[in-house]
Each structure stands twice: as C-alpha cells, then as structure tokens.
Student: 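What follows is a structure written as structure tokens; I'll ask about it next.
Heads up: numbering here begins at 1 and tracks the sequence.
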Amino acid sequence: MSEQPTSGQRPAVIVTGSTGMLGYPVCLRLADAGYQVFGFDRVGMPEPPKQHEFVRDIQCDLTDSASVRAAMAKVHELAGGRLASVIHMAAYYDFSGKDSDLYEKVTINGTDRILNQLEDFDCEQFVFTSTTLLHAPCAVGDHISEDDPLEAKWPYPQSKMETERLIRDGHPNVRSVFLRIAGVYTDYGQQPTIVQQIKRIYEKDFQGHFFPGDSEAGQSVVHLDDTVDAIVRTVERREAIEPKTAILIGEADPVSYESLQNQIGNELHGDEWATLYVPPAIAKVGAAVTDAVQGGDAFIKPFMIEMADDHYALDISRAKELLGWEPEHRLSTSLPGMTNLLKSDPDSWYRKNGLK
C-alpha cells in the first residue's frame with residue numbers, strides 16, 4: 001500500500017484491520033470507488049500483495065492509547081478532520097471458545113479508543129463489523145431478523161455484543177451502523193467450520209460420520225466478495241442509513257449440515273457421506289478426550305456440542321432495502337470449486353487454510 005500524500009478531493013475512509021482477509025480487499029474496493037483510504041493495522045502484520053495509490057498504511061495498535069492517538073492525529077492532518085466513514089474490523093478472534101482478556105483489550109477497549117479520538121473529526125459514519133452469532137438461533141424453517149433476541153453463547157460473539165452496546169450507549173452521537181456478518185468463506189474455504197467439515201470427509205475420518213444435533217440445522221455463511229460488496233454499499237449509502245442501524249449480512253437460507261455432508265462426500269469421493277446421530281452427552285465426552293489426546297489442538301471442543309442444534313437462517317430484507325444487497329454467491333454452488341482446489345493441490349489447500 002502507498003505512502004503517498006492524500007488527495008483533498010477524495011472523501012476519506014479509515015479501515016481498521018486493513019491487512020486482514022477482509023480488510024485488504026475492502027481497502028482496494030473503496031479506493032477504486034473514489035475514496036482515500038487510511039488502513040490501520042499493527043506493526044508486523046503481513047504486507048499486502050500489491051499497492052494502490054489511494055490506500056495509505058498507518059501503524060495502529062488498538063491496545064495502546066498513544067498509538068491510536070498518533071494514528072488518528074495523522075489522519076486528521078491528512079484528511080483535514082473530515083471522514084466519510086470508519087470501517088472498524090480489527091478485533092480479537094479465537095475459535096477455541098476460551099475466554100481471553102484480549103477480547104476486552106482489543107475488541108471492546110480498542111473500539112472505545114478509536115471512538116474517543118473520533119470526537120475531533122467531522123465523521124459521517126462509523127461501521128462496526130459484528131456477527132450474526134450474537135443472535136439467539138431460530139427454529140428450522142424460521143429466519144432471524146435484526147430485532148430478534150440476542151444470546152451470545154461464547155466469548156467471541158459476547159465481545160461483539162458488548163462492543164455494540166458500548167458504541168450505542170457510550171457514544172450515542174456517532175452515526176453508527178452494525179453489520180452483523182455471517183461466517184465469511186472464500187474460494188479456498190477459510191471459514192473454520194466449512195474447512196474442518198471438508199477436511200474430515202477428505203481424510204475419511206470415522207468421527208466425521210457422527211453429529212450430536214439436528215442434521216437439518218445449518219449456519220448462514222457469506223462469500224468474501226459479497227461481504228466486501230455489502231461494506232462498500234454501506235459507505236456509499238451512508239447518508240440514507242439511520243444511526244444505530246443493525247443489518248444482517250449472509251445467505252438467507254443455509255445449507256443443512258446433512259446436505260453439506262452429502263455434497264462434500266459426492267464431490268470428493270463420488271458418494272454421499274453417511275451422517276449418524278450421536279447423543280450430545282457421549283459426543284461431549286468424546287470431544288474432551290480427543291482434545292486432551294491432541295494436546296488441546298482438536299478443532300471440536302466440548303462447548304461446541306451444546307450448539308450443534310443451532311440454526312441460523314437470516315431475514316435479509318433490511319440489507320436489500322437499505323443497501324440494495326443480496327449475496328451473489330451460494331455455498332452450495334461454491335463447494336465444487338473448493339473441493340476441486342483441494343483435489344488438484346492438497347498441500348496448497350491445507351496451507352491456505354492453516355491446516356497441518
């Protein structure tokens with residue numbers, strides 16, 4: 001990314017977590033759409049693969065108040081104190097389910113530090129990328145809407161819920177938008193539950209035949225390209241979106257667990273993959289034993305067993321109305337590409353998905 005001076009003619013946008021899987025393409029798309037983008041990320045994060053003259057990197061550690069002040073002061077100088085939007089994506093994430101003080105230090109307090117410095121700006125919009133998982137699951141056949149009850153079941157969505165509350169109640173004058181985004185996947189996979197499901201079936205793991213919940217339940221997901229599109233549309237339509245608006249972003253109707261099993265089995269081995277019910281109590285003991293044998297590195301943790309029945313289908317009518325958005329990709333039609341990449345180059349597929 002470039003270190004060239006900003007153009008005064010372009011509306012300025014800050015993107016936190018700018019070198020991440022989602023952050024980097026958001027930076028590029030906003031720059032292509034006519035914005036001057038300031039990308040915030042920590043020292044030592046991976047360098048982006050290419051440059052754009054209207055994307056400028058600024059080092060910022062959200063756990064350090066001095067670092068946040070310095071980064072925001074630099075943007076204030078370059079942008080003349082005016083911002084079209086702040087896309088706040090930087091957060092702590094750990095799929096193990098373990099609690100960590102980093103949820104508070106990075107996700108909650110880091111957001112507060114950004115917002116405190118934003119008081120010196122004329123800022124049109126603050127976008128917080130949240131998660132669909134802070135909602136209570138729904139029954140199979142129903143759909144979750146933005147006004148439905150919240151029920152974050154583990155530390156990651158709990159941190160997002162607390163941060164939404166901080167933004168809404170602690171900074172009421174900010175024109176905030178909460179994009180509650182489903183699990184983001186790419187052409188290679190890169191969404192943990194999808195990747196692990198494919199891995200188990202590819203390796204013909206015997207444990208992959210057992211499931212401790214309703215196999216008709218499913219989890220909404222969303223392709224990376226569609227997620228980037230939703231974020232850019234949120235910035236473009238900032239004047240029309242009311243403050244404190246939550247918007248669900250994901251596929252409306254998820255593929256059921258059993259359908260995924262069968263499709264992955266057919267793609268990889270030319271046959272359906274049998275899925276058998278196992279009582280949750282037995283599955284929980286099995287998960288604990290497996291995790292202990294693997295030194296804590298097993299993907300399936302005991303806490304996940306309790307959520308095996310959780311169904312997340314989404315009512316995306318608000319995204320359609322306010323953003324003119326709905327996903328162009330579907331997981332069911334993206335799976336053949338994922339599995340073909342795995343079959344053609346397993347080493348590369350495993351490496352891209354952080355697998356051993």
Student: For the pair F210 and F206, name the ring-plane relationship: parallel under 30°, tilted 30 to 60°, perpendicular over 60°.
Tutor: perpendicular
Student: Would the distance check show the side chain of W273 and the main-chain N or O of G208 forming a donor-acceptor pair, the cut-off being under 3.5 Å?
Tutor: yes
Student: Keeping the roles fixed (side chain from T129, backbone from H88), state whether a donor-acceptor pair exists under 3.5 Å.
Tutor: yes
Student: Does the ring centre of H76 sit less than 6.0 Å away from the ring centre of F121?
Tutor: yes
Student: Take T131 and I181 through the test side-chain contact (heavy atoms from CB on, under 4.5 Å) and record every step on the way to the result.
Tutor: CA-CA 5 Å; T131 175; I181 301 172; over 6 Å; no
Student: Over 60° means perpendicular and under 30° means parallel, so classify the ring planes of H269 and Y202, tilted if in between.
Tutor: parallel
Student: Can you list everything that forms a salt bridge (Lys or Arg N to Asp or Glu O under 4.0 Å) with R165? Sequence neighbours excluded, please.
Tutor: E162
Student: Decide side chain to side chain donor-acceptor pair (under 3.5 Å) for D147 and S145; before the verdict, give the C-alpha distance in whole Å, the side-chain angles of both, and the deciding distance to 0.1 Å.
Tutor: CA-CA 5 Å; D147 298 324; S145 74; 5.2 Å; no
Student: Do any N or O atoms from the side chain of R10 and from the backbone of Y35 form a donor-acceptor pair under 3.5 angstrom?
Tutor: yes
Student: Judged by modelled atom types alone, do S65 and R113 share a side-chain donor-acceptor pair under 3.5 Å?
Tutor: yes
Student: Take E164 and K160 through the test salt bridge (charged side-chain N to carboxylate O under 4.0 Å, His left out) and record every step on the way to the result.
Tutor: CA-CA 6 Å; E164 282 198 18; K160 292 290 189 176; over 6 Å; no
Student: When you look at S334 and H329, which way does the side chain to side chain donor-acceptor pair (under 3.5 Å) test go after all the steps?
Tutor: CA-CA 7 Å; S334 298; H329 298 75; 5.9 Å; no
Student: Indicate whether the side chain of D187 and that of H223 have a donor and an acceptor atom separated by less than 3.5 Å.
Tutor: yes
Student: Is the F211 to Y277 ring centre distance short of 6.0 Å?
Tutor: no
Student: Mind telling me whether Y92 and Y103 have parallel, tilted or perpendicular rings, with 30° and 60° as the class edges?
Tutor: perpendicular
Student: Sequence neighbours excluded, which residues qualify as salt bridge (Lys or Arg N to Asp or Glu O under 4.0 Å) partners of E236?
Tutor: none
Student: Taking R82 first and then D122, would you say they form a salt bridge - that is, a charged N and a carboxylate O separated by under 4.0 Å?
Tutor: yes
Student: Taking salt bridge (Lys or Arg N to Asp or Glu O under 4.0 Å) as the test, write out the residues that go with R69, two or more places apart.
Tutor: none
Student: Would you please test H135 and Y312 for ring-ring contact (aromatic ring centres under 6.0 Å, His included) and show each step?
Tutor: CA-CA 9 Å; H135 280 280; Y312 283 87; 8.1 Å; no
Student: Does E267 come within less than 4.0 Å of K343, counting only side-chain N to carboxylate O?
Tutor: no
Student: So D310 and K153, salt bridge (charged side-chain N to carboxylate O under 4.0 Å, His left out) or not? Walk me through it.
Tutor: CA-CA 11 Å; D310 288 358; K153 294 187 175 184; 3.0 Å; yes
Student: Given K98 and D94, is the salt bridge (charged side-chain N to carboxylate O under 4.0 Å, His left out) satisfied, shown in steps?
Tutor: CA-CA 7 Å; K98 294 180 180 178; D94 177 13; over 6 Å; no
Student: Quick one: list whatever passes side chain to side chain contact (heavy atoms under 4.5 Å, CB included) with L115, sequence neighbours left out.
Tutor: T111, L118, F126, I167, H171, V174
Student: Less than 4.0 Å between a side-chain N and a carboxylate O, is that true for D229 and R29?
Tutor: yes
Student: Run through V127, V26, D41 and flag the one making a side chain to side chain contact (heavy atoms under 4.5 Å, CB included) with M89.
Tutor: V26
Student: According to the side chain to side chain donor-acceptor pair (under 3.5 Å) rule, which pairs have a member within residues 210-220, sequence neighbours left out?
Tutor: S215-E258
Student: Apply the test side chain to side chain donor-acceptor pair (under 3.5 Å) to residues H311 and D142: give CA-CA distance (whole Å), side-chain angles for both, the deciding distance (0.1 Å), then the verdict.
Tutor: CA-CA 9 Å; H311 183 67; D142 291 341; over 6 Å; no
Student: Restricting to pairs with a member in residues 347-356, which pass side chain to side chain donor-acceptor pair (under 3.5 Å), not counting sequence neighbours?
Tutor: E203-Y350
